[in-house]
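Worksheet: one structure, shown below.
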Amino acid sequence: MAVAVRVIPCLDVDNGRVVKGVNFDNLRDAGDPVELAKRYGEEGADELTFLDVTASKQGRGTMLDVVRRTADEVFIPLTVGGGVRSADDVRELLRAGADKVSVNTSAIARPELLGELSRQFGAQCIVLSVDARRVGAQGTDTPNTPSGFEVTTHGGTRSAGIDAIEWARTGERLGVGEILLNSMDGDGTKNGFDIELIERVREAVSIPVIASGGAGAAAHFPPAVDAGADAVLAASIFHYGEVSIREVKEELARAGHEVRL
């Protein structure tokens, strides 16, 4: 029997509230994270992802409280990311109720962190978040990116000078259990997932890949899975009621993909 495709709402949390914008800019309030998480659990979400978009010291305390309250109300796996720099950060989040922790910028600065976290907490707990954009986007011309996709930081505004496909491959080699693949070109645009990006990463790694960035309609999800995604993630279309989780799952099922209805 095929493994069911996971449908994952993503909640970007800033100072205790869910926010959403386009390309991580012009953020607007989308509601209370715990209430949204509870609603998504009732609507059939397979997992939830929380990202602390400020990740300041104050934001970390706020996020820990959000995670604790969510874990008390919602009983599906919860991934939390944003500002994770050390094993202590991971331990705090897991103790608060997270099931998995997503790591991004700190791993770019020190890749061996991924191996350390995987060995200490288990690969199943560690997710590498890859914020990728096409080389040449926003006037960039980054060398050493033969795939045509580069890793970015700061909400997709700065190049890390790393090839995105090779970085995903490195993450798997260092022991992460999953890749959260964010198309920064597509984030918030609702123009559909970056199919080529998903295909390229799928060819490079054997661990699960979560496709993120660009979903605007239920019809956008099956092509992402066809391209190799094991899970699909979206934010604003769920937050503002434009598409329901059930509609996405029904669309996936019609396309021949196994889902949990």
Side-chain angles (χ1 to χ4, degrees), residues 6-84 89-104 125 127 129 131 154-156 180 182 184 186-190 210-218 221 231-249 260:
R6 290 169 288 150
V7 178
I8 307 174
C10 180
L11 296 88
D12 296 328
V13 180
D14 180 15
N15 204 26
R17 299 289 293 180
V18 176
V19 295
K20 193 57 191 168
V22 178
N23 303 125
F24 283 80
D25 199 9
N26 299 319
L27 300 178
R28 59 178 173 141
D29 189 279
D32 176 74
V34 180
E35 288 302 312
L36 279 174
K38 187 176 179 181
R39 189 185 94 196
Y40 292 142
E42 292 168 349
E43 290 179 357
D46 298 295
E47 296 184 12
L48 292 170
T49 292
F50 280 178
L51 297 178
D52 184 345
V53 298
T54 52
S56 64
K57 188 171 182 181
Q58 178 182 0
R60 167 64 64 223
T62 301
M63 179 59 85
L64 286 170
D65 178 62
V66 168
V67 172
R68 289 189 192 101
R69 291 189 293 123
T70 301
D72 286 340
E73 297 279 351
V74 183
F75 306 101
I76 55 178
L78 175 61
T79 299
V80 183
V84 175
D89 290 336
V90 174
R91 190 176 295 107
E92 272 193 315
L93 288 166
L94 294 176
R95 285 177 174 168
D99 298 280
K100 295 183 278 189
V101 175
S102 154
V103 187
N104 190 337
C125 286
V127 178
S129 181
D131 291 343
H154 298 81
L180 173 52
N182 308 300
M184 304 313 293
D187 178 73
T189 64
K190 302 181 185 178
I210 304 168
S212 169
F221 290 84
V232 282
L233 178 148
S236 59
I237 62 168
F238 293 145
H239 301 339
Y240 301 120
E242 296 165 34
V243 178
S244 72
I245 292 165
R246 184 169 187 85
E247 286 172 330
V248 170
K249 289 193 171 187
R260 298 183 188 93

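Only heavy atoms go into these numbers, but all of them, side chains included; no hydrogens, no water, no symmetry mates.
- In this view, E35 satisfies the salt bridge (Lys or Arg N to Asp or Glu O under 4.0 Å) rule with no residue, not counting sequence neighbours.
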Output, in order, the C-alpha distance, side-chain angles, deciding distance and verdict of side-chain contact (heavy atoms from CB on, under 4.5 Å) for V84 and V90. CA-CA 7 Å; V84 175; V90 174; 3.7 Å; yes
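- Taking OG of S244 as the start and OH of Y40 as the end, the distance is 10.5 Å to the nearest 0.5 Å.
- For R17, the side-chain hydrogen bond (donor to acceptor under 3.5 Å, both in side chains) partners at least two apart in sequence or on another chain are D29.
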Before giving the answer on side-chain contact (heavy atoms from CB on, under 4.5 Å), spell out for I8 and L48 the whole-Å C-alpha distance, their side-chain angles and the decisive distance to 0.1 Å. CA-CA 5 Å; I8 307 174; L48 292 170; 5.5 Å; no
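- Smallest separation of non-hydrogen atoms from A71 and G97: CB-CA, 3.9 Å.
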Starting from the C-alpha separation in whole Å, work towards a yes-or-no answer on side-chain contact (heavy atoms from CB on, under 4.5 Å) for V248 and V243. CA-CA 7 Å; V248 170; V243 178; 3.7 Å; yes
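- Taken from OG in S129 to CD1 in I210, the straight-line distance is 9.0 Å, to the nearest 0.5 Å.
- Considering only heavy atoms from C-beta on, V127 stays 4.5 Å or farther from V101 through its side chain.
- A donor-acceptor pair shorter than 3.5 Å cannot be found between the side chains of D99 and T79.
- Scanning all heavy atoms of the two residues, the minimum distance from I245 to A45 falls at CD1-CB, 3.7 Å.
- Applying the side-chain hydrogen bond (donor to acceptor under 3.5 Å, both in side chains) test to R246 and every residue at least two apart in sequence or in another chain returns E250.
- Evaluation of the side-chain hydrogen bond (donor to acceptor under 3.5 Å, both in side chains) rule for E43 yields R39 as partners, not counting sequence neighbours.
- E47 is linked by a side-chain hydrogen bond (donor to acceptor under 3.5 Å, both in side chains) to R6, K100, counting only residues two or more places apart in sequence or in another chain.
- Shown here are the salt bridge (Lys or Arg N to Asp or Glu O under 4.0 Å) partners of R95, two or more places apart in sequence or in another chain: there are none.
- Between the side chain of E92 and the backbone N or O of D89, no donor-acceptor pair lies under 3.5 Å.
- A distance of 8.5 Å separates CG of D131 from CG of D187, quoted to the nearest 0.5 Å.
- Across all their heavy atoms, P33 and V13 have their closest contact at CB-CG2, 4.2 Å.
- Distance SG/C125 to CG/L93: 11.0 Å, rounded to 0.5 Å.
- For D65, the salt bridge (Lys or Arg N to Asp or Glu O under 4.0 Å) partners are R69, not counting sequence neighbours.
- Counting heavy atoms from C-beta outward, L180 and S212 have side chains that approach closer than 4.5 Å.
- The salt bridge (Lys or Arg N to Asp or Glu O under 4.0 Å) test applied to D46 returns K249, R260, not counting sequence neighbours.
- Between the CD1 atom in I76 and the CD atom in E42 there is a gap of 10.5 Å [rounded to 0.5 Å].
- With a 4.5 Å cut-off on side-chain heavy atoms, V80 and S102 do not count as touching.
- Proximity of T49 to L233: side-chain heavy atoms (C-beta onward) are separated by under 4.5 Å at one or more points.
- When every heavy atom of A218 is checked against every heavy atom of E247, the shortest pair comes out as CB-O, 4.0 Å.
- Without hydrogens or angle criteria, H239 side chain to C10 main chain gives a donor-acceptor distance under 3.5 Å.
- F221 is linked by a ring-ring contact (aromatic ring centres under 6.0 Å, His included) to F193, counting only residues two or more places apart in sequence or in another chain.
- By the 4.5 Å heavy-atom criterion applied to side chains, L78 and T70 are counted as neighbours.
- How far CE of M63 is from CZ of R68: 12.0 Å, rounded to the nearest 0.5 Å.
- With D32 contributing its side chain and V34 its backbone, the two residues share a donor-acceptor pair below 3.5 Å.
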